[in-house]
Colleague: 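Please find one structure pasted underneath; my questions will follow.
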Amino acid sequence: MCGDKESVTALIFTSLIMTLVSEEFPAVVPYRAEEITIPADVTPERVPTHIVDYSEAEQTDEQLYQEISKANVICIVYSVNNKKSYLCSPFTVCVCFRVPLILVGNKSDLVEHSSMETVLPIMNKYTEIETCVECSAKNLKNISELFYYAQKAVLHPTGPLYCPEKKEMRSACVRALTRIFKVSDLDNDGILNDHELTFFQRTCFNTPLAPQALEDVKNVVRKNLTDGVRDNGLTLKGFLFLHTLFIQRGRHETTWAVLRRFGYDDDLELHQDYLFPLLKIPPDCTTELNHNAYLFLQSVFDKHDKDRDCALSPEELMDLFDVFPYVPWGLDVNSTVCTNDQGWITYQGYLSQWTLTTYLDVQRCLEYLGYLGYSIIAEQESQASAITVTRDKKLDLKKKQTQRNVFRCHAFGITGSGKTGFLQGFLGRNLVRQKAIKEEHKSYYAISTAHVYGQEKYLLLHEIFPDFDFLSETELSCDIVCLIYDVSNPCSFEYCARIFKQYFMDSKTPCMLIAAKSDLPETKQQYCMTPLEFCRKHKMPPPQSYTCNTAAAPSKDIFIKLTTMAVYPHITHADLKSSTFWLRASVGATVCAMLGFAMYRALLRPR
């Protein structure tokens, strides 16, 4: 009835209810008490509790079913002096509903012995039973404790955490706590040191552990496990042992507090509200990672780049994704971002992929950041704080300035015109390296950085499938257009000209013509005017020659030009022809690239 646990409905029995309300044993006990509500401010867990009585003498089985279906927890009351009442008919009905049960041995004042030995086999048989408590309505013994356990059974149930038959934590609980351990292991050395334990304690319980308390915790683990503590830090085995101990000693609330702080729901799945916090994105606005998000992602990269080679090997990448329920990046990612000579994703490529995900699918980015524990480690309210929503692009154009850092370029051209080579060339791959890419690993995207007047910007290239008859709004929506034709194919330029005249001639989106495969002999294009004449007529920059058939990495000058045009779409044609304009952009790019790499190396050195 109350899945959000904002209130608890307990099905319980008469004399106990009346004793709780009046704080004295009633002289006359009716068959059934009226429903009452205990206010939140007088309960230990600060949630209101609705108490509903049941009388087998007055109510039918159908009414019992209705009451059980609305209950969050059921207290099955038996008389400790009457063994026949231990398995009464309501009990057999209740276990079928999979609702948490509390066994309540009433009238303990009438016997000198405990019923626990008789009840224990029943508890072991039925996993729905959370606990058993003996009480006396007449002597007011354990009455308030009974209701505390009832609330606890709802808010901190044992069932999802622990298997009493095997006396061990359930696999789902182990998986969740293992992820929590890995997220909390900030230096990825396989142990939680004192700093990490203190941060963990403060994150989950809003209070740090005193140095002596830390030692006491580790000593408890040392006494029970040979490999629970290593180098004076808590290992994963030690961490799991502590939570098993909490559960076995009835302190489920401790483990639940940890699980819920790290985003888990009652089924030990990451809650949808945790993974997908509310983020409003107005039309014509884009999404980017902010500075704090990049700092967090850098720390994650450093954490897993164990050999400090500024790249993630397949093993290091899998270790990073160990906190995910699935591998989020496919093999096409290696063709989308920069890699080293071994094909491993570099630091720059890693940040580029995160930038691409944020731009194209921000909800997926929020989910990924959730798995990595961004809100916990960065001490933010949610992953939404990692995202910057840019202002409307139309406003940028009106004011002739922008704060955006990610710009989208769509590459148009017929099949075989050189679009794929152009994208891969942006990532520093010449024709030899491109031929090594398997067909199933190819990507229609490429993203990396380019420097404009000393500022680092991301340029996202997207290869558009050639289809003149229909181009979607998404395919036409970009910051700059690349029209690519093959200089050796006489039929190649016509498609670019038609696309421009049909879709972009009257738009404010800047366009650039790319003369691809410029290492091959140039052929006259079968069109009414040459590419250069076309550019002059439509006030475009002249065709830019490009080839990726080079010994070293292809030149990046053309990508700096594209990024500059995307950042400053209002620049004049005279500016575009100015060698000084491009020289300033190129020199700024070189200086910033060198400084950025030097700073990254400096940051790595102390670690």
Colleague: Is there a ring-ring contact (aromatic ring centres under 6.0 Å, His included) between F407 and Y458? Walk through the geometry before answering.
Modeller: CA-CA 6 Å; F407 297 87; Y458 280 94; over 10 Å; no
Colleague: Are any of the side-chain heavy atoms of I345 and Q353 separated by less than 4.5 Å?
Modeller: no
Colleague: Do K393 and D284 sit within salt-bridge range, that is, some charged N less than 4.0 Å from a carboxylate O?
Modeller: no
Colleague: Which heavy atom of Q380 sits nearest to which heavy atom of S385, and what is that distance?
Modeller: CB-OG, 3.1 Å
Colleague: When you compare the side chain of L312 with that of W344, does any pair of heavy atoms fall below 4.5 Å?
Modeller: no
Colleague: What verdict does the side chain to side chain contact (heavy atoms under 4.5 Å, CB included) test give for T339 and R433, after you've listed the backbone C-alpha separation in whole Å, the side-chain angles of each residue and the deciding distance to 0.1 Å?
Modeller: CA-CA 11 Å; T339 57; R433 288 186 63 188; 3.6 Å; yes
Colleague: Check whether any side-chain heavy atom of I447 lies under 4.5 Å from a side-chain heavy atom of L459, and answer yes or no.
Modeller: no
Colleague: H462: what forms a ring-ring contact (aromatic ring centres under 6.0 Å, His included) with it, not counting sequence neighbours?
Modeller: H410, Y445
Colleague: Verify the ring-centre separation between Y294 and W354: is it less than 6.0 angstrom?
Modeller: no
Colleague: Classify the ring geometry of Y374 against F296: parallel below 30°, tilted from 30° to 60°, perpendicular beyond 60°.
Modeller: perpendicular
Colleague: Could you list all the ring-ring contact (aromatic ring centres under 6.0 Å, His included) pairs where at least one residue sits in residues 260-292, not counting sequence neighbours?
Modeller: none
Colleague: Look up atom OG1 in T509 and atom CG in L476, then write down how far apart they are to the nearest 0.5 Å.
Modeller: 8.5 Å
Colleague: Would you say the side chain of V481 lies within less than 4.5 Å of the side chain of C409, judging by non-hydrogen atoms?
Modeller: no
Colleague: Given side chain to side chain contact (heavy atoms under 4.5 Å, CB included), test M318 with V327 step by step and report yes or no.
Modeller: CA-CA 8 Å; M318 287 302 102; V327 178; 3.9 Å; yes
Colleague: What distance separates I499 CD1 from I414 CD1, expressed to the nearest 0.5 Å?
Modeller: 11.5 Å
Colleague: Spell out, as yes or no, whether a donor-acceptor pair under 3.5 Å connects the side chain of E475 to the backbone of S472.
Modeller: yes
Colleague: Could you check T449 against K457 for side chain to side chain contact (heavy atoms under 4.5 Å, CB included), going step by step and ending with a plain yes or no?
Modeller: CA-CA 5 Å; T449 55; K457 304 293 182 181; over 6 Å; no
Colleague: Can R391 and D396 be counted as an ion pair, charged N to O under 4.0 angstrom?
Modeller: yes
Colleague: Taking E288 for its side chain and T355 for its backbone only, find out whether a donor-acceptor pair lies under 3.5 Å.
Modeller: no
Colleague: Taking NZ, NE, NH1 and NH2 as the nitrogens, is one of them in E367 or R364 under 4.0 Å from a carboxylate oxygen of the other?
Modeller: yes
Colleague: May I ask you to check whether T420 and E463 show a side-chain donor-acceptor distance below 3.5 Å?
Modeller: yes
Colleague: C338 and S448: which non-hydrogen atoms are nearest, and at how many Å?
Modeller: SG-OG, 3.6 Å
Colleague: Taking only residues at least two apart or on different chains, which pairs with a member in residues 508-528 satisfy ring-ring contact (aromatic ring centres under 6.0 Å, His included)?
Modeller: F493-Y527
Colleague: Scan side-chain atoms only and decide if T547 and N549 contain a donor-acceptor pair under the 3.5 Å cut-off.
Modeller: no
Colleague: Let me see the working for T286 and T390 under side chain to side chain donor-acceptor pair (under 3.5 Å), right down to the final yes or no.
Modeller: CA-CA 5 Å; T286 58; T390 66; 2.7 Å; yes
Colleague: State whether a side-chain donor-acceptor pair under 3.5 Å links S417 with S492.
Modeller: no
Colleague: Can any side-chain N or O of D185 pair as donor or acceptor with the backbone N or O of D189 at less than 3.5 Å?
Modeller: yes
Colleague: If you look at every heavy atom in I281 and T287, which pair is closest and at what distance?
Modeller: CD1-CG2, 3.6 Å
Colleague: Please name the pair of heavy atoms, one in Y485 and one in A515, separated by the smallest distance, quoted to 0.1 Å.
Modeller: OH-CB, 3.5 Å
Colleague: Test D305 against E316 for side chain to side chain contact (heavy atoms under 4.5 Å, CB included), laying out the working first.
Modeller: CA-CA 7 Å; D305 182 20; E316 289 170 338; 3.9 Å; yes
Colleague: May I ask you to test the V389-L279 pair for a side-chain heavy-atom distance under 4.5 Å?
Modeller: yes
Colleague: Please find the pair of heavy atoms, one from Q383 and one from L275, that lie closest to each other, and give the distance.
Modeller: NE2-O, 3.4 Å
Colleague: Can a donor-acceptor pair be found between the side chains of S443 and T336 at a distance below 3.5 Å?
Modeller: yes
Colleague: Taking all heavy atoms of H304 and all of N188, pick out the closest pair and write down the distance.
Modeller: CD2-ND2, 3.6 Å
Colleague: Using ring pair (Phe, Tyr, Trp, His ring centres under 6.0 Å) as the criterion, point out the one residue from F465, F504, Y503 that pairs with F412.
Modeller: F504
Colleague: Below 4.5 Å, heavy atoms only, C-beta onward: do K442 and I437 meet side chain to side chain?
Modeller: yes
Colleague: In terms of heavy-atom contacts, does CG of D307 have more than 12 from other residues, nucleotides or ligands at under 6.0 Å?
Modeller: yes
Colleague: Would F321 and Y371 satisfy ring-ring contact (aromatic ring centres under 6.0 Å, His included), going step by step from the backbone distance to the final call?
Modeller: CA-CA 9 Å; F321 292 145; Y371 293 138; over 10 Å; no
Colleague: Does M512 reach the side chain of L483, with side-chain heavy atoms less than 4.5 Å apart?
Modeller: no
Colleague: Working to the nearest 0.5 Å, report the span between CG of L372 and NZ of K182.
Modeller: 13.0 Å
Colleague: Using modelled atom types only, decide if a donor and an acceptor are shared between the side chain of Q502 and the backbone of F500 within a distance under 3.5 Å.
Modeller: no
Colleague: Hey, does the side chain of N340 reach the backbone of Q342 with a donor-acceptor pair shorter than 3.5 angstrom?
Modeller: yes
Colleague: With a 4.0 Å cut-off, would you call D266 and R260 a salt bridge?
Modeller: yes
Colleague: Quick one: do D479 and R404 make a salt bridge, cutoff under 4.0 Å?
Modeller: yes
Colleague: Please confirm whether the backbone N or O of A551 pairs with a side-chain atom of N430, one donor and one acceptor, at under 3.5 Å?
Modeller: yes
Colleague: Quick check: are there more than 12 heavy atoms from other residues, nucleotides or ligands sitting under 6.0 Å from CD of E381?
Modeller: no
Colleague: Indicate yes or no: does K303 engage D187 in a salt bridge with an N to O separation below 4.0 Å.
Modeller: no
Colleague: So does E315 pair up with K306, basic N to acidic O under 4.0 Å?
Modeller: no
Colleague: Could you state the interatomic distance from OG1 (T357) to CG (L369), rounded to the nearest 0.5 Å?
Modeller: 9.5 Å
Colleague: Flag the pair L268 / C173 as yes when at least one side-chain heavy-atom distance between them is below 4.5 Å, and no otherwise.
Modeller: yes
Colleague: If you measure from CD on E379 to OG1 on T203, what distance do you get to the nearest 0.5 Å?
Modeller: 6.0 Å
Colleague: Suppose we call two aromatic rings close when their centres sit under 6.0 Å apart. Are F324 and Y368 close by that rule?
Modeller: yes
Colleague: Suppose we call two aromatic rings close when their centres sit under 6.0 Å apart. Are Y546 and F422 close by that rule?
Modeller: yes
Colleague: Is T198 reaching over with its side chain to a backbone N or O of D194, donor-acceptor style, under 3.5 angstrom?
Modeller: yes
Colleague: Parallel, tilted or perpendicular for Y347 and Y350, by the 30°/60° rule?
Modeller: parallel
Colleague: Please report the interatomic distance CD(E456) to CG(N405), rounded to the nearest 0.5 Å.
Modeller: 8.5 Å
